Amino acid sequence: MAGEIQEKPKIHFPFPYTPYSIQEEFMTKLYQVLEAGKIGIFESPTGTGKSLSLICGALSWLRDLEEKKRQEEARVLAGEINGKDTNKQCEKGSTEFAASQLSTGEPDWITQFVQKKEEREMAQKLKEEQIRRKKREERLEQIRHNVQLKYMSKRKRTEEKEMEQLLQLSRDILANPSDSSALEPLDQSEEDLILAEYESDEEKKVGNRISKADDDDDDDDDDIEEEHVTKIYYCSRTHSQLAQFVHEVQKSPFGKEIRLVSLGSRQNLCVNEEVRHLGAVQFINDRCMEMQKNKHEKKSIGEETEGKKRRISRTVCPFYSFEHMQLLRDEVLVQVKDIEQLVTLGKEMKACPYYGSRYAIPAAQLVVLPYQMLLHEATRTASGIKLKDQVVIIDEAHNLIDTITCIYSAQVSGSQLCCAHSQLSQYLERYRKRLKAKNLMYIKQILFLLERFVAVLGGNINQNPNTQNISEAGVELKSINDFLFQCQIDNINLFKVQHYCEKSLISRKLFGFVEKYGASGALKIRTADQKMVGLQNFLEILNKRQGKEGIPQDSSEEAENDQPKMVSPLMHIEGFLAALTNANQDGRVILTRQGTLALSSLKFLLLNPAVHFAKVLKECRAVIIAGGTMQPVADFREQLLLCAGASTERIEEFSCGHVIPPDNILPIILCSGPANQQLEFTYEKRSLPQMMEETGRILCNMCNIVPGGMVCFFPSYEYEKQVYMHWGKTGLLTQLASKKKIFQEPKSANQVEQVLAEYAKCIKRCSQTVGPMTGALLFSVVGGKMSEGINFSDDLGRCVIMVGMPYPNIKSPELQEKIAYLDKTMPKTAGQAPGRTLIDNLCMKAVNQSIGRAIRHQNDFASIVLLDHRYTRPAIFNKLPQWIKSRTQVKAGFGPAFAALRKFHWEKSSTVKAVSS
């Protein structure tokens, strides 16, 4: 619970080496915030050991909390505290109940009876928890010390079962070698495509009260939900960042004792090759769910044909075994493992890492997961994550607001609307007589919604969307209620429609229907060359068929790029329907009409991300929002925390300095160039020839004095291209290339690594040879592939140059609506409108991320040059990170700036050469 942070004796933090003073400061503050149950915004520059400080600080608090609990349990169970003290230790609700008895004037004997009852319940609860913990620790300790015996008997049974399945498969092939259906892993029977009878939640509750049927007799489903221990959920942006964090945990003093589990998507954790080959994440999810359904499907004896039996037995995932996943869970809890190690272990144990890792959540002390999985409530619930009284640490949180906004926003095109309507109409036509009344009702409602969405875009649902021209081109913004009224669907309960889509799995049924019959509803017939003729050709022909049917066999990245074309359009529309259930004031619907109906779109824009973050803040005992560059933090405090209901007393901010010596960094704000041209890169002035030429002269002069690599950030790809072409015409590009080899950031993500590798090779080669070339110059873009997560340490980034101020497009309808929303709902800060503050904050967040690519460790050094006199404005200057702002020099002219840069790089380069020699 929240409380005041008080001064306490110095805490001992286990650390792999003697920590820096700022690390001790960081860990102490973190410990105090967790102890008080507050919300902390922590900023620690890259190179200061932020991850290790988070690990040691947070796990030290968790260690002390568990020790306090054990001591309390021992006191209560030993009966060493009297009734009065026991009452203080009871839960808050119990204390309030006892106090209420006194306030109502109840007799003493009643109050004493209540207190004694609470004491007995507390003692019983602690005793049960102690027994559970003891059993869990004994089991894990036994596994830890019996490596050879931990699952030998289970492995034997598995091998026998697999052998029997292989023999049965061989018998089937020999009996009927031309029967392709016996080996077809992707075909679905007609029954699989029919929607099951739908019951609403209310009807199910009534049915459950009348009759409560038991589950399958299979022991696989007899798992009793385990109680969650106090734990820390650590979230970050990407799986690579999570893997790096796990490796830090492994190297930390807590690496041998902490119970850690890494969570991920099926795409990252699935070990079934048949499913992994599907590539696209939605295909993998659907196939996995289908296999589970086949496993749990109840069939009476003799109900199905022999052919069907063979099909169902083949579509059960061999890795989805409760026994094996329980063993995998224990292995995960015994030793810290990252995602790759977890996948390897799953393959060895024939157990699903995706579900096995979920089984480990209740007993885990540290859960590592992507923060999209934690921030999206439906995904969080499905994953078995419980936040009540737990701690959440969100790392790399500089774009947390944007992430929440994107998760809960949705967009559908006119082409998707028409396609979904066509597919669903064909489905309804084919199975109308076999569908129950409620299924028919909801399908007709969905069809009506699709028709109205197309109509509001100015199109006709019965015509080709690619040939329908939209006469009223433009962008229109509507509130949710106004949009529903305009579509004439305000009489439809979208909550029920959304719930029906989730529970009935209609989009997956529809996708299977289209795969089997096509849009026309006619059965697809496979050609003779696709049929199986024997076990030896199975894998080869399967791969050929996958290629013909459009199933990606390449990397997951390519599969993701193809995903929007392959996934059922109704899946996208379901997300849009869910977005329309937000409160009217929290979002807007953007109608974009352009060219044809196919290109037009409907988009839901979430304006208030705090409404979805509020539950996280409410349930957790403490939340830590951390990052290397968090400035400006006003967005987090105002838009996310205060709007979510957090009090100002509960919010703590902490920003530590850098570990580098003060003279290892030289930030300069340059107001004018060599020709005394004032540097002001506004949209109107930045394309002027004199402004581009002045920028080129600045870079030419700096290439003469800066060794190694220089990284120059431009506001956009378009402006970078414009400047590059202008320099090519004027000869400035040739002058630059005589000193530094020039590289440009590619737009394609798969080319970034190659460009960076060549950039690094060039710098290394120039440092080892004597010649006119002193290194390399990399043109990058703010917000591009190289502005986040790329490490330009040492010679890779001796100077970072920021050309202008990367303000967002103020004419964007989304941004304009966000500004209007903030101006209406938020108070002014320092006399500035919230909308204007948002624009400045978006700009400076991008700047801070980009200039943070240099200075990556204690002995690193670099200069930072901001080319625009507007950086000197207090409202902008104060948004720089403290460790940069405190050392920034403002230079009105280029001469003093050039002299300072030359002196800085000459001194630092001389020191490096002296040390290396």
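Keep in mind the model is a prediction, meaning the values are calculated, not measured.
In this structure, the separation between OG on Ser507 and CD on Glu502 is 10.0 Å, given to the nearest 0.5 Å. The CG atom of Leu484 sits 7.5 Å away from atom CD1 of Ile480, with the distance rounded to the nearest 0.5 Å. Note that the SG atom of Cys270 and the CZ atom of Phe319 stand 8.0 Å from one another [nearest 0.5 Å]. Note that CG of Leu269 and CD of Glu340 are 9.5 Å apart. Values are rounded to the nearest 0.5 Å. Rounding to the nearest 0.5 Å places CZ of Phe604 at 13.0 Å from CD of Gln411. With rounding to the nearest 0.5 Å, the separation of SG in Cys406 from CG in Leu375 is 11.5 Å.
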Audit row: Thr596, Gln468, side chain to side chain donor-acceptor pair (under 3.5 Å) steps and yes/no: CA-CA 5 Å; Thr596 63; Gln468 291 187 64; over 6 Å; no
Verdict with reasoning, Lys503 to His499, per side-chain contact (heavy atoms from CB on, under 4.5 Å): CA-CA 6 Å; Lys503 297 301 181 183; His499 190 70; 3.4 Å; yes
Is there a side chain to side chain donor-acceptor pair (under 3.5 Å) between Ser240 and Thr238 once you walk through the steps? CA-CA 5 Å; Ser240 60; Thr238 64; 3.0 Å; yes
Pair Gln416, Met571 - check side-chain contact (heavy atoms from CB on, under 4.5 Å), show working. CA-CA 10 Å; Gln416 289 172 331; Met571 295 177 186; over 6 Å; no
Take Gln423 and Phe511, measure what side-chain contact (heavy atoms from CB on, under 4.5 Å) needs, and give me the verdict at the end. CA-CA 9 Å; Gln423 293 176 1; Phe511 177 75; over 6 Å; no
Please test Ile443 against Leu424 for side-chain contact (heavy atoms from CB on, under 4.5 Å), starting from the C-alpha separation and ending with a verdict. CA-CA 8 Å; Ile443 289 176; Leu424 195 56; 3.9 Å; yes
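A donor-acceptor pair is defined here as one N or O able to donate and one able to accept, closer than 3.5 Å; such a pair exists between the side chain of Ser409 and the backbone of Leu606. Checked by atom type and distance alone, the side chain of Thr581 pairs as donor or acceptor with a backbone atom of Ala578 at under 3.5 Å. Of the possible donor and acceptor atoms, one in the side chain of Ser600 sits under 3.5 Å from a partner among the backbone N and O of Gln594. A donor-acceptor pair under 3.5 Å is formed between the side chain of His324 and the backbone N or O of Lys350. At least one donor-acceptor pair under 3.5 Å links the side chain of Ser383 to the backbone N or O of Thr379. Using modelled atom types, no side-chain atom of Asn481 and backbone atom of Asn584 make a donor-acceptor pair closer than 3.5 Å. At least one donor-acceptor pair closer than 3.5 Å links the side chain of Asn493 to the backbone N or O of Lys496.
Asn268 approaches Arg276 most closely through the heavy-atom pair O-NH1, 4.3 Å. Heavy atoms only, all atoms of each residue included: Pro353 and Ala351 are closest at CD-O, 3.2 Å. Across every non-hydrogen atom of Arg358 and Ala382, the tightest pair is NH1-O, 2.7 Å. Heavy atoms only, all atoms of each residue included: Ser357 and Leu263 are closest at OG-CD2, 3.8 Å. When all heavy atoms of Arg588 and Ser479 are compared, the closest pair comes out as CD-CA, 4.0 Å. Leu328 approaches Cys352 most closely through the heavy-atom pair CD2-O, 3.5 Å.
Using modelled atom types, one finds a donor on one side chain and an acceptor on the other under 3.5 Å when comparing His612 with Asn582. For Tyr500 and Asn439, the side-chain atoms include at least one donor-acceptor pair closer than 3.5 Å. With 3.5 Å as the limit, one finds a donor-acceptor pair spanning the side chains of Arg266 and Tyr355.
Under the 4.0 Å criterion applied to side-chain N and carboxylate O atoms, Arg593 and Glu476 are assigned as salt-bridge partners. Glu619 has no carboxylate O lying under 4.0 Å from a charged side-chain N of Lys386, or vice versa, which leaves the two without a salt bridge.
When side chains are defined from C-beta on, Pro370 counts as touching Leu242, because their heavy atoms get closer than 4.5 Å. In this structure, the side chains of Asp490 and Ile492 stay at 4.5 Å or more apart for every pair of heavy atoms. Counting heavy atoms from C-beta outward, Tyr427 and Val514 have side chains that stay 4.5 Å or more apart. For the pair Ile407 and Gln372, the minimum side-chain heavy-atom distance is below 4.5 Å. Taking the side chain as every heavy atom from C-beta outward, Gln326 and Phe322 approach each other to under 4.5 Å. In this structure, the side chains of Tyr431 and Gln426 stay at 4.5 Å or more apart for every pair of heavy atoms. With contacts defined as side-chain heavy-atom distances shorter than 4.5 Å, the pair Leu580/Phe483 qualifies. Looking only at side-chain heavy atoms (C-beta outward), Thr467 and Leu597 stay at 4.5 Å or farther from each other.
When each of Glu814, Lys818, Gln585 is paired with Leu607, the side chain to side chain contact (heavy atoms under 4.5 Å, CB included) condition holds for Lys818 and for no other. Between Val261 and the choices Leu369, Val367, Val368, the side chain to side chain contact (heavy atoms under 4.5 Å, CB included) rule is met once, by Val367.
Counting only residues at least two apart or in different chains, salt bridge (charged side-chain N to carboxylate O under 4.0 Å, His left out) contacts with residues 367-382 comprise Glu377-Lys615.
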Please set out all donor-acceptor pairs under 3.5 angstrom arising from side-chain atoms of residues 444-463, sequence neighbours excluded.
residue, atom, partner, partner atom, Å
Glu451, OE2, His421, NE2, 3.1
Arg452, NE, Cys487, O, 2.8
Asn460, OD1, Asn462, N, 2.9

